[in-house]
2 protein chains.
Amino acid sequence: MKIAIYGYGNLGRGVELAIRQNPDTELFGIFTRRDPKTVKTLTGAPVYAAQDVENYTADIDVIIICGGSASDLPEMTPMLAKSFNVVDSFDTHARVPEHFANVDKAALTHAHTAIISAGWDPGLFSLARLYMNTVLPDGKDYTFWGRGVSQGHSDAVRRLPGVKDARQYTVPVEEALAKVRNGENPELTTRQKHTRECYVVAEEGADKALIEKQIKEMPNYFADYDTTVTFITEEEMKRDHSELPHGGQVIRCGKTGLDGNHTHVMEFSLKLDSNPEFTASVLVACARAVIRMNSRQIFGCKTLFDVPPADLSPIDPEEMRKKLL
Amino acid sequence: MKIAIYGYGNLGRGVELAIRQNPDTELFGIFTRRDPKTVKTLTGAPVYAAQDVENYTADIDVIIICGGSASDLPEMTPMLAKSFNVVDSFDTHARVPEHFANVDKAALTHAHTAIISAGWDPGLFSLARLYMNTVLPDGKDYTFWGRGVSQGHSDAVRRLPGVKDARQYTVPVEEALAKVRNGENPELTTRQKHTRECYVVAEEGADKALIEKQIKEMPNYFADYDTTVTFITEEEMKRDHSELPHGGQVIRCGKTGLDGNHTHVMEFSLKLDSNPEFTASVLVACARAVIRMNSRQIFGCKTLFDVPPADLSPIDPEEMRKKLL
């Protein structure tokens, strides 16, 4: 099973490493828009120019596209789905219908298979929501994120004048979590679910009070949250905030019984040391499923909702029933 | 979608109630081996004699078989799979290969679809193990059960001379759970994972010390566990132990990264007020999937490993991607 990586940032590097953990997969190489000669890979994998990808249709079973959701994936995934089976981690929720339709059209026309929006949210958390909603139709679910680094929010802070570097952690509010786990099905505002912690390295002479005010009042990103801003040194940033941990939980509480007198709480939680490496591991499993579904002539755009779980795993069905059922 | 229930104990009653929560399903009726006239249903559903089931092949889309795994299901499921699409909750792990083969043969020969071993363990916990193993190949997982009533262990105590009634709770050991959640991947013996609590109503004049000894030394059931035995009155049994709660968690801890330097912990947990009602809810979702898979000519015996998650849900694909992805 030959996998290519298209785009070589944190996620691409994660895929490179995840392929080493899956002996039934093999890394064909990495495609980059940079000059391939300037890219040094973690494992010595070969690097190719992105524009040459069409030359390798016969050598690649599936491409894992590791671009950003804002501008890369909406272009790349439909384009590559014409010539390859593909997997991406598209996570701009509002634009999923449009992206799905574009990828579906390209993949169907060329008898390819695509899985979009794979990872953990969207991805494994979506699956948790689906299974939970199905089993407990009379209930309510909650998704909490964190404690973990939000790259989008970190970037938003970094763009402020006077900010040299920044890291933003999303943190679930423990009281809210406890109420949900307790089956209370509370109504929670945005502010009641998460807090935001910012660690900021300011430029010399910058107005820290102004930076703090600008962060806390930033619409969409921070205004609806209780936000704390802590100024730190470059050394502290490097020492304490160089990793990209994340996680969270999906919890659904629902009722069954003659009078709805029985309450059930389902929870799926993740505690991740490295968001990109974990996401990459999901993408590699999806790459396996894409190849299998394609060989069964299941074409077009799919999400994890459409994938029989067994197709994700390298274990054969009999062994799987024996070991995991 | 017309569903019939075959067998009317706790699980069958749970299915009867779960069907009410799923407006796209309809209860055709209940088949029982007892005299139908003697069976009073929770919702007034019609009751038929089990031996007449073949008369209704045209009226039923799928049968949910609510028998015991020890002797009922190994006979019933292959027999009914000849004439119907079927779902069962077979949970005798060691006999799954044999049961699967028997059901597969019957279903394939008659172009029917069957899902066996559905519920929460086997079932949703199996799915959790599969997804977790797939995403974190370099890791170790643990399943804890409880705190909850084990019917098999309760029955084993009830069979002892001098015991009038008994309820056994399986309880996970908190220290073990904490170590696993902390990513320590401990080696745990049976005794270190769970304790067992027995509540016993003794016959008048029974030798309580002997009963306690016999419980604690019972091979397979209790000898390998730290077991506590508490004698209570019939009134206390009725007041405090008439429900069938259960639950547990599947936890997998695994590593990724260039030097395996990143640890990830995945957890799926359930806290259930009613084990049979929750199990029944899973079975009804599987009934939906069986009908859909059958209409796509996917015949034979399946488990939840083979079911595209979307097939379990009443929500249409577009709405599903919008609401749950």
Side-chain angles (χ1 to χ4, degrees), chain A residues 14 17-18 21-22 42 93 96-97 100 117 122 124 126-131 133-138 181 183 243 256-258 261-274 277-278 280-282 285 303-310 312-315 317-318 320-322 324-325, chain B residues 14 17-18 21-22 42 93 96-97 100 117 122 124 126-131 133-138 181 183 243 256-258 261-274 277-278 280-282 285 303-310 312-315 317-318 320-322 324-325:
Chain A
L17 296 175
Q21 293 190 306
N22 288 277
L42 290 174
H93 199 265
V96 165
F100 186 93
S117 300
L124 299 182
S126 318
L127 282 172
R129 287 187 285 264
L130 174 57
Y131 283 116
N133 271 270
T134 305
V135 173
L136 294 176
D138 179 12
R181 282 191 177 131
E243 297 280 350
T256 66
L258 197 53
N261 50 329
H262 290 133
T263 297
H264 310 280
V265 183
M266 310 175 74
E267 175 167 349
F268 177 63
S269 72
L270 295 174
K271 214 175 82 191
L272 312 175
D273 271 1
S274 165
E277 285 178 10
F278 186 82
S281 297
V282 179
T303 71
L304 275 165
F305 294 158
D306 308 303
V307 179
L312 297 165
S313 166
I315 305 173
E318 211 162 321
M320 191 182 291
R321 287 193 294 271
K322 208 166 159 184
L324 302 173
L325 192 67
Chain B
L17 296 175
Q21 292 190 306
N22 288 277
L42 291 175
H93 199 265
V96 165
F100 186 93
S117 300
L124 300 183
S126 318
L127 282 173
R129 286 187 285 264
L130 174 57
Y131 283 116
N133 271 270
T134 304
V135 173
L136 293 176
D138 180 12
R181 283 190 177 133
E243 296 280 350
T256 65
L258 198 54
N261 51 327
H262 290 133
T263 298
H264 311 280
V265 183
M266 310 176 72
E267 175 166 349
F268 176 64
S269 73
L270 294 173
K271 215 174 83 190
L272 312 174
D273 270 2
S274 166
E277 285 178 10
F278 186 83
S281 297
V282 179
T303 71
L304 276 166
F305 293 157
D306 309 303
V307 179
L312 297 164
S313 167
I315 306 173
E318 210 162 322
M320 190 182 291
R321 287 192 293 271
K322 209 166 158 183
L324 302 174
L325 193 67

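Not measured: the values here are computed from a predicted model. All chains are named by letter (A, B, ...) in the order of the sequence lines, taking the proteins before the strands, and each is independently numbered beginning at 1.
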Problem - Interatomic distance, B/Phe278 atom CZ to A/His262 atom NE2 [nearest 0.5 angstrom] - result: 14.0 Å
Problem - side chain to side chain contact (heavy atoms under 4.5 Å, CB included) assessment of A/Val135 paired with B/Leu124 - result: CA-CA 10 Å; A/Val135 173; B/Leu124 300 183; 4.3 Å; yes
Fill in the blank from the handout: Bottom line for A/Thr303: the part with an atom under 4.5 Å from chain B's heavy atoms is side chain
Problem - Value rounded to 0.5 Å, distance of OH in A/Tyr131 from OH in B/Tyr131 - result: 3.0 Å
Fill in the blank from the handout: Separation between CG (B/Leu325) and CG (A/Leu304), nearest 0.5 Å, reads 8.5 Å
Practice task
Report the C-alpha separation of A/Ser126 and B/Leu324 in whole Å, then their side-chain angles, then the decisive distance to 0.1 Å, and conclude whether the side chain to side chain contact (heavy atoms under 4.5 Å, CB included) test is met.
Solution key: CA-CA 6 Å; A/Ser126 318; B/Leu324 302 174; 5.7 Å; no
Exercise for the section: Tell me, for A/Glu243 versus chain B, whether the close heavy atoms (under 4.5 Å) come from the side chain, the backbone, both or neither. Expected result: side chain
Handout entry: Backbone of B/Gly257 reached by a side-chain donor or acceptor of A/Glu277 within 3.5 Å
Key = yes
Problem - Leading residue by heavy atom contact count with chain A [cutoff under 4.5 Å; candidates B/Thr263, B/Asn261, B/Leu312] - result: B/Thr263
Exercise for the section: Answer whether the closest heavy-atom distance between the side chains of A/Lys322 and B/Val96 falls below 4.5 Å. Expected result: no
Fill in the blank from the handout: Highest number of heavy-atom pairs under 4.5 Å with chain B among A/Ala128, A/Ser313, A/Pro317, A/Gly183 belongs to A/Ser313
Practice task
Considering non-hydrogen atoms only, spot the tightest contact between B/Ala285 and A/Thr134 and give its length.
Solution key: CB-CG2, 3.5 Å
Fill in the blank from the handout: When the 4.5 angstrom heavy-atom criterion is applied to B/Pro97 and chain A, the contacting part is neither
Practice task
Quick one: closest heavy-atom pair of A/Asp273 and B/His264, and the distance?
Solution key: N-ND1, 3.4 Å
Handout entry: Largest heavy-atom contact set with chain A, pairs under 4.5 Å, which of B/Asp138, B/Val282, B/Leu270
Key = B/Leu270
Practice task
State whether A/Phe305 and B/Arg321 meet the cation-pi test: NZ (Lys) or CZ (Arg) under 6.0 Å from the six-membered ring centroid, and within 45° of the perpendicular axis.
Solution key: no
Exercise for the section: Apply the test side chain to side chain contact (heavy atoms under 4.5 Å, CB included) to residues B/Phe100 and A/Glu318: give CA-CA distance (whole Å), side-chain angles for both, the deciding distance (0.1 Å), then the verdict. Expected result: CA-CA 10 Å; B/Phe100 186 93; A/Glu318 211 162 321; over 6 Å; no
Exercise for the section: Measure A/Ile315 against the heavy atoms of chain B and call it side chain, backbone, both or neither at under 4.5 Å. Expected result: neither
Exercise for the section: Look at the side chain of A/Glu267 and the backbone N and O of B/Ser269, then say whether any donor-acceptor pair between them is shorter than 3.5 Å. Expected result: no
Fill in the blank from the handout: Between A/Val307 and B/Pro309, the two heavy atoms sitting closest are O-CD, 3.2 Å
Problem - B/Asn133, part contacting chain A, at a heavy-atom distance under 4.5 Å - result: side chain
Problem - Which portion of B/Leu127 sits near chain A, non-hydrogen atoms under 4.5 angstrom - result: side chain
Handout entry: B/Leu17 portion near chain A, given a 4.5 angstrom heavy-atom threshold
Key = side chain
Exercise for the section: Among B/Leu258, B/Leu42, B/Leu136, B/Asn22, single out the residue with the greatest number of heavy-atom pairs under 4.5 Å to chain A. Expected result: B/Leu258
